[in-house]
Number of protein chains: 2
Amino acid sequence: MRMNKDNQVLNDVDAIPSLVQSKRQIDRYNLDIDAQAILVASRLMAAGAKLGHASEIHFSRFGLSTGRYRLLADLEDNEGEELPSQLAEHLGVTRATVTGLIDILERDGLVSRRSSSVDGRQRSVVLTEEGAKKLREMAPEHFARLEAMVGLLNIEERSLFLDLLGRVTQGISALTDESVEVKENFSNE
Amino acid sequence: MRMNKDNQVLNDVDAIPSLVQSKRQIDRYNLDIDAQAILVASRLMAAGAKLGHASEIHFSRFGLSTGRYRLLADLEDNEGEELPSQLAEHLGVTRATVTGLIDILERDGLVSRRSSSVDGRQRSVVLTEEGAKKLREMAPEHFARLEAMVGLLNIEERSLFLDLLGRVTQGISALTDESVEVKENFSNE
DNA sequence: CAAAAGTAGTTAGGTGCCATACTATGCGTA
DNA sequence: TACGCATAGTATGGCACCTAACTACTTTTG
């Protein structure tokens, strides 16, 4: 249990969904659904939200956000210069979002914009010396924390987890696909 | 590969981080860090972000957001009436966020606010008939999609995944803890 | 070669969530 | 009983990301 200045409860466990909770929801509508499957989905959602939040806290220690760090890291991975559209594709966000990220990074002096001589529409993004320094400085702590995060898993378990996570990630499209196979509902009303 | 109306690329694979990418980042600073650990962390982050986004698309089909659905479901799980502070604790969000969620749900007629006679400060939230109907209507599709999401895992794998995910979730605190054990950096500069 | 179509980046406006600070009400203690 | 303090809910302002629409430039094409 952790409190903020207003003594508001920020339950670190974040109300982990339980199996009985899932069962109760399914039973309420007499659905032929595996409660454990729902539990897995709920837990993953909770974990994802928690990780996203923790990630923002982590990067804010360095004056960055998750998105801005990822942009810097991707720049570093590409000789320090990239087009906004490339960045958007690498990060999996829209070009509009990249524009916003660059705005702040440029304001803070970590990247700079440069007009292209080849194509007048393009304005490439360059990692400044200060930006490279920022990455250099945060690397030890950043990676140490990431490693610590999975420290409760041994080598074999990490491989296993990657495999399972990969398949669940594929399954995420079931949420966004146009249609879905809905089983019969044996309602007793 | 999916495009929106502006023909903007929304890569569904979301640029999955690779092992060589992780290795490169670590080697750049001569850190004594397990690349696979970093890969697990990166993949989980990517998965979490993707799931969060997919979740919003899923619930938007019913005119809800992830947060608003969770609030309705929690209300249903508590005889249709709860205090905002209870909701905040159950959902793992702040009371301020709950206020915002209720505002919209009330505007849409899915919940209503009721003043307490016991404590003048309290204003309990009640699930309306329309709100209950909404939950009833979306349940079959909602749960079918969630089940489909983990459909690529069999029963044993689901248990295993829950176990591993649980431990990684515990480890997330490594990102937010005050201090972290940083290993020596054998730089060759 | 000019008009039409496409592309790169940006702007504008919206959603979801948060932290902080505020108001109103209740309560403990002297 | 009256002061201070705690608590419940809310308003405000912020950030990250989105979609849609716009500007400026380039390529295609009749």
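Just so you know, these numbers come straight off a predicted model, no measurement behind them. Numbers restart at 1 for each chain; the letters A, B, ... are given by sequence-line order, proteins then strands.
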No-H, no-angle donor-acceptor pair, R95(B) side chain to dG9(D) base, under 3.5 Å: yes
Pairwise ring pair (Phe, Tyr, Trp, His ring centres under 6.0 Å) hits with a residue in residues 100-141 of chain B, at least two apart: none
Spacing of I57(A) atom CD1 relative to dC17(C) atom P, expressed in whole Å: 16 Å
Sugar-phosphate, base or nothing in reach of T97(A), heavy atoms under 4.0 Å: base
Grab the N/O contacts between the protein and nucleotides 14-16 of chain C below 3.5 Å, and write none if there aren't any.
| residue | atom | partner | partner atom | Å |
| --- | --- | --- | --- | --- |
| dG16(C) | OP1 | R68(B) | NH1 | 3.0 |
| dG16(C) | OP2 | R68(B) | NH1 | 3.0 |

Position toward the 5' end of DNA chain C (nearest nucleotide), R121(A) or V98(A): R121(A)
Rounded interatomic separation in angstrom, taking CD from Q122(B) and C1' from dT25(C): 11 Å
d(CZ, R123(B); P, dG26(C)) in whole Å: 14 Å
Any side-chain heavy-atom pair of L110(A) and L64(A) under 4.5 Å: yes
Residue-phosphate contact under 4.0 Å: R113(B) side-chain N/O, dT10(D) OP1/OP2: yes
Nucleotide dA8(D), atom P - distance to CG of L87(B) in whole Å: 13 Å
Euclidean distance, atom CG of residue D103(A) to atom P of dT11(C) [Å, nearest integer]: 6 Å
Minimum-distance pair of heavy atoms, taken over all atoms of L164(A) and F161(B): CB-CD1, 3.6 Å
Spacing of L105(A) atom CG relative to dC15(D) atom C1', expressed in whole Å: 14 Å
Test applied, side-chain contact (heavy atoms from CB on, under 4.5 Å); reference residue, I104(B); option that passes from L101(B), D108(B), I102(B): D108(B)
Donor-acceptor pair between Y69(A) and H142(A) side chains, under 3.5 angstrom: yes
Within residues 76-84 of chain B: residues closer than 4.0 Å to DNA chain D (heavy atoms): L83(B), P84(B)
Enclosure of R24(A) CZ (heavy-atom neighbours >12, cutoff 6.0 Å): yes
Cationic N near anionic O, under 4.0 Å, D103(A) to R107(A): no
Sidechain-backbone polar pair: T128(B) side chain, G109(B) backbone, donor-acceptor under 3.5 Å: yes
Atom pair distance, as rounded to whole Å: CG in L91(A) and P in dA16(D): 14 Å
Value in whole Å for how far the C1' atom of dC27(C) lies from CG of D119(B): 10 Å
Sugar-phosphate only, base, or nothing, as touched by T99(B) at under 4.0 Å among non-hydrogen atoms: base
Presence of T94(A) side-chain N/O under 4.0 Å of dC17(D) phosphate oxygens OP1/OP2: no
Pair T97(A)-T94(A), side-chain donor/acceptor within less than 3.5 Å: yes
